[in-house]
Number of protein chains: 2
Amino acid sequence: MTKESRKNIAYNYLREAILTWKLHPGSPIVEQDISDQLSISRTPVREALKLLEAEGLVKVMPQRGTFVFELSTQDVEEIFALRENLEVLALQAAIQSIPIDELNNLEAYLTTLTEQSPPEHFFTSDRQLHALIVVNGGNERLALFLDSLNAQVEQVRRVSALRPNRLDVSMREHLAIVQAIQARDIITAEAELRQHIRNVKQSTLDVCRNMWWQGTIGK
Amino acid sequence: MTKESRKNIAYNYLREAILTWKLHPGSPIVEQDISDQLSISRTPVREALKLLEAEGLVKVMPQRGTFVFELSTQDVEEIFALRENLEVLALQAAIQSIPIDELNNLEAYLTTLTEQSPPEHFFTSDRQLHALIVVNGGNERLALFLDSLNAQVEQVRRVSALRPNRLDVSMREHLAIVQAIQARDIITAEAELRQHIRNVKQSTLDVCRNMWWQGTIGK
DNA sequence: ATTATAGAGATTGTATACAATCAGTACACA
DNA sequence: TGTGTACTGATTGTATACAATCTCTATAAT
C-alpha cells in the first residue's frame, strides 16, 4: 500500500473531527494548532482546509480565520431540494442496471436490522443503498456532487438519525425502495425515494432547530 | 477597491488562458513557470491550481504534473445531462419570480442581434438568460455547481458557437425561452429550454469530435 | 535485440520563515 | 461619557529552500 500524503492525513483528520462533533459548528480551526497536533507543517494542513472548503465543510474568511461550517435551515432546504432531484435523476438512469444480487443482499441485510441493532449498521446500509443508486447512474460528476452535499448534512444527520423510531422507519423506507428497484418499477421507486428523502430532511430540520435553541450552534 | 490577492491573480490568469485556448487541452502547467511569468511565488500559484482542479478545469496528477483538462465526449454527455435537468429545476423555482422588466430588456436586446453582430454580444446575452434563471431559482449551491459545469465546457463552446448559423439559431431559441417565461408558461419554457440545451450539446459534441480528428487535443 | 537497472533531471510535496491584515484593547482627546 | 486612533497579538497570506517521487535515458547484462 502506498504511503498516505500528509495533506490526506490532515484532510481525513479534520473531516472526521467535524463529522463526529469533536469540532463544533462555528468553532475556529487554527492551521498552526492542527499542524502541531499532527506534527506536520502548515502547508499540507492549509491544502486540506481548502479541500474541505470546496466541499462546504469549513468556511475560510480571508485574513481572519477558518471556521467549521454552520448549517442554517436555509442550507438544509437547499441541500435536500438538490439531493431529492439529483438522486431521482440517478435512479432513472440506474434502475435497469443495478445488479439484482446486490439488491437481494441489501434486502436480506435490511430485514435483519431491529431497534436494538447498533446505529452504525443503519448508517452502513443507508450509504450502501444510495451508493448503489448513484454509482449505477453512471454520471461521475453527479456522484461527486452528491457526496459533497451529503457531507454537509452528515454532521447533523448523525444526530437526527438517532431520534426515537427514526431508525426503524428509515429501515422500512429503505426496504420499500429496494423492493421497487428489484421489480424495476421506476414509478414506485421514485415515489418512495422522494418520500424517504423528504422525511430525512424533516428530521434534519427538527434537529437543526433544536440545536439552535439549545445554543449548540450559533449563539 | 481592495487589492487583489496573488492567489486570485494566478487563478484569473490561468482560467483566462485555458478558456481562450492560450493553454491547450492536455498541455502541462508547471507551477514554477507560472510563478515566473507572474513574478509571484509558487505558493499562490499552487492554491490557484487547486481551485481550478475543484472546478474541473485542470487535472493534477500527484507527483507527476498538472495538465489542462481534456474534454471527452463522455464528459460532454455527463455535463449536459446534468445541466439540462438542473437548469429546468431552477426554471421551475424561478419562473414566477423573474422580474418582467429584466425579461423585456433581454427580449429587446435579443431582437437587435443579427448574423453580423459580434459574437461577444451573443455570449453576453446567453450568460444573461441563464443567470436570470439560475439566480432567481434561489438555490446558491445549484448556481455554483452550474457555474462549474459551464466552465468545463466553455472552452469548447467558444468554438462551437461560432459555427455557421449556430449564433442565429441560438438567438431564436433564446427568444422563445424568454417569451415563454414572460407568459409564465412553465410547460413551454421548460420544453424550449431543454431543446436549446440539447442543441448546444450536439453542437459541442460535433466540435469536440472534430478537434479529436484534427489532433487539436489528445495526440 | 531485449530487458533490467541505475542515475540524472524535472516536477510536485513539504517545511519554515517572514509579511500583511484583521480584531480587539488601551489610551488620548473632545 | 463617548469617540477616534495607535498599538499589540493572533492568524492567514506569501516566499523560499529542501525533500520525495516520477519519467526518461543511458548503460549493462542476458
Side-chain angles (χ1 to χ4, degrees), chain A residues 1-18 22-70 217-219, chain B residues 1-18 22-70 217-219:
Chain A
M1 158 180 164
T2 173
K3 203 172 66 181
E4 203 175 16
S5 73
R6 289 161 200 245
K7 176 178 73 175
N8 280 335
I9 293 174
Y11 173 80
N12 292 327
Y13 176 79
L14 287 169
R15 193 172 199 276
E16 187 64 15
I18 292 171
K22 277 178 214 125
L23 286 171
H24 285 224
S27 60
I29 302 179
V30 177
E31 294 172 3
Q32 189 63 59
D33 291 353
I34 308 300
S35 65
D36 288 346
Q37 287 166 31
L38 298 177
S39 301
I40 61 181
S41 77
R42 266 183 61 210
T43 310
V45 172
R46 233 178 121 70
E47 301 209 333
L49 284 172
K50 300 296 181 187
L51 268 184
L52 290 167
E53 185 187 23
E55 225 179 328
L57 284 182
V58 306
K59 178 122 188 82
V60 176
M61 327 222 358
Q63 298 285 16
R64 294 184 50 195
T66 306
F67 304 87
V68 179
F69 179 62
E70 287 188 71
I217 63 174
K219 50 171 169 295
Chain B
M1 157 180 166
T2 175
K3 202 172 65 180
E4 203 176 15
S5 73
R6 288 160 201 248
K7 175 178 72 175
N8 280 335
I9 293 174
Y11 172 79
N12 291 327
Y13 175 78
L14 287 169
R15 192 173 200 276
E16 187 63 15
I18 292 170
K22 277 177 214 126
L23 286 171
H24 285 224
S27 60
I29 302 178
V30 176
E31 294 172 2
Q32 188 63 58
D33 291 352
I34 308 299
S35 65
D36 288 346
Q37 288 167 29
L38 298 177
S39 301
I40 61 181
S41 77
R42 266 182 62 207
T43 310
V45 173
R46 234 177 120 70
E47 301 209 332
L49 284 172
K50 299 297 181 188
L51 268 184
L52 290 166
E53 185 187 22
E55 224 178 331
L57 284 182
V58 307
K59 179 124 189 77
V60 176
M61 326 218 7
Q63 299 284 19
R64 294 184 50 196
T66 306
F67 304 87
V68 180
F69 180 60
E70 286 188 73
I217 62 174
K219 52 174 168 296

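To find a chain, count down the sequence lines: A is the first, B the second, and so on, and within it residues start at 1. What you see is a predicted model, and the numbers here were worked out from it, not measured in a lab.
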*Asks:* So do the side chains of A/Asn12 and A/Glu4 get within less than 4.5 Å of each other, counting heavy atoms only?
*Replies:* yes
*Asks:* Are any of the side-chain heavy atoms of A/Leu57 and A/Leu14 separated by less than 4.5 Å?
*Replies:* no
*Asks:* Using a 4.0 Å heavy-atom cut-off, does B/Gln32 contact any base of the nucleic acid, only the sugar-phosphate backbone, or nothing at all?
*Replies:* nothing
*Asks:* Which is it for A/Glu47 and A/Tyr11 under the side chain to side chain donor-acceptor pair (under 3.5 Å) test, yes or no, and what are the steps along the way?
*Replies:* CA-CA 8 Å; A/Glu47 301 209 333; A/Tyr11 173 80; over 6 Å; no
*Asks:* Return the value, rounded to whole Å, for the distance between atom CE of B/Met61 and atom C1' of C/dG13.
*Replies:*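 For the pair B/Met61 CE and C/dG13 C1', the rounded distance is 16 Å.
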*Asks:* Angle, rounded to 10°, between the helical axes spanning five pairs at each terminus of the helix from C/dA1-D/dT30 to C/dA30-D/dT1?
*Replies:*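 Rounded value for the end-axis angle: 0°.
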*Asks:* Indicate yes or no: does B/Lys22 engage B/Glu16 in a salt bridge with an N to O separation below 4.0 Å.
*Replies:*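 No.
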*Asks:* Rounding to an integer number of Å, can you tell me how far A/Glu31 CD sits from C/dA17 P?
*Replies:* 16 Å
*Asks:* Taking CZ from B/Arg6 and P from C/dA19, how many angstroms apart are they, rounded to a whole number?
*Replies:* 13 Å
*Asks:* List in numerical order all residues of residues 36-51 of chain B for which some heavy atom is under 4.0 Å away from an atom belonging to DNA chain D.
*Replies:* B/Ile40, B/Ser41, B/Arg42, B/Thr43, B/Pro44
*Asks:* Quick one: is A/Arg64 getting a side-chain N or O under 4.0 Å of the C/dA23 phosphate, OP1 or OP2?
*Replies:* yes
*Asks:* Rounded off to whole Å, could you give me the CD-to-P distance for the B/Gln63 and D/dT23 pair?
*Replies:* 10 Å
*Asks:* Check every strand shown and say whether B/Pro62 touches a base, only sugar-phosphate, or nothing at a heavy-atom separation below 4.0 Å.
*Replies:* sugar-phosphate
*Asks:* Mind calculating the distance between NZ (B/Lys7) and P (D/dT14) to the nearest angstrom?
*Replies:* 7 Å
*Asks:* Base, sugar-phosphate, or nothing: which does A/Ser35 touch, judged by heavy atoms less than 4.0 Å apart?
*Replies:* nothing
*Asks:* Say you draw a straight line from CZ of A/Arg6 to OG of A/Ser39; how long is it, rounded to the nearest 0.5 Å?
*Replies:*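 A/Arg6 atom CZ to A/Ser39 atom OG measures 9.5 Å (nearest 0.5 Å).
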*Asks:* Starting at atom CZ of A/Phe67, determine the distance to atom P of D/dA10, rounded to an integer number of angstrom.
*Replies:* 15 Å
*Asks:* Rounded to the Å, how far apart are B/Ile34 CD1 and C/dT11 P?
*Replies:* 12 Å
*Asks:* Take atom CD of A/Glu4 and atom P of C/dT14, then tell me their distance rounded to the nearest Å.
*Replies:*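 Taking CD of A/Glu4 and P of C/dT14, I get 11 Å after rounding.
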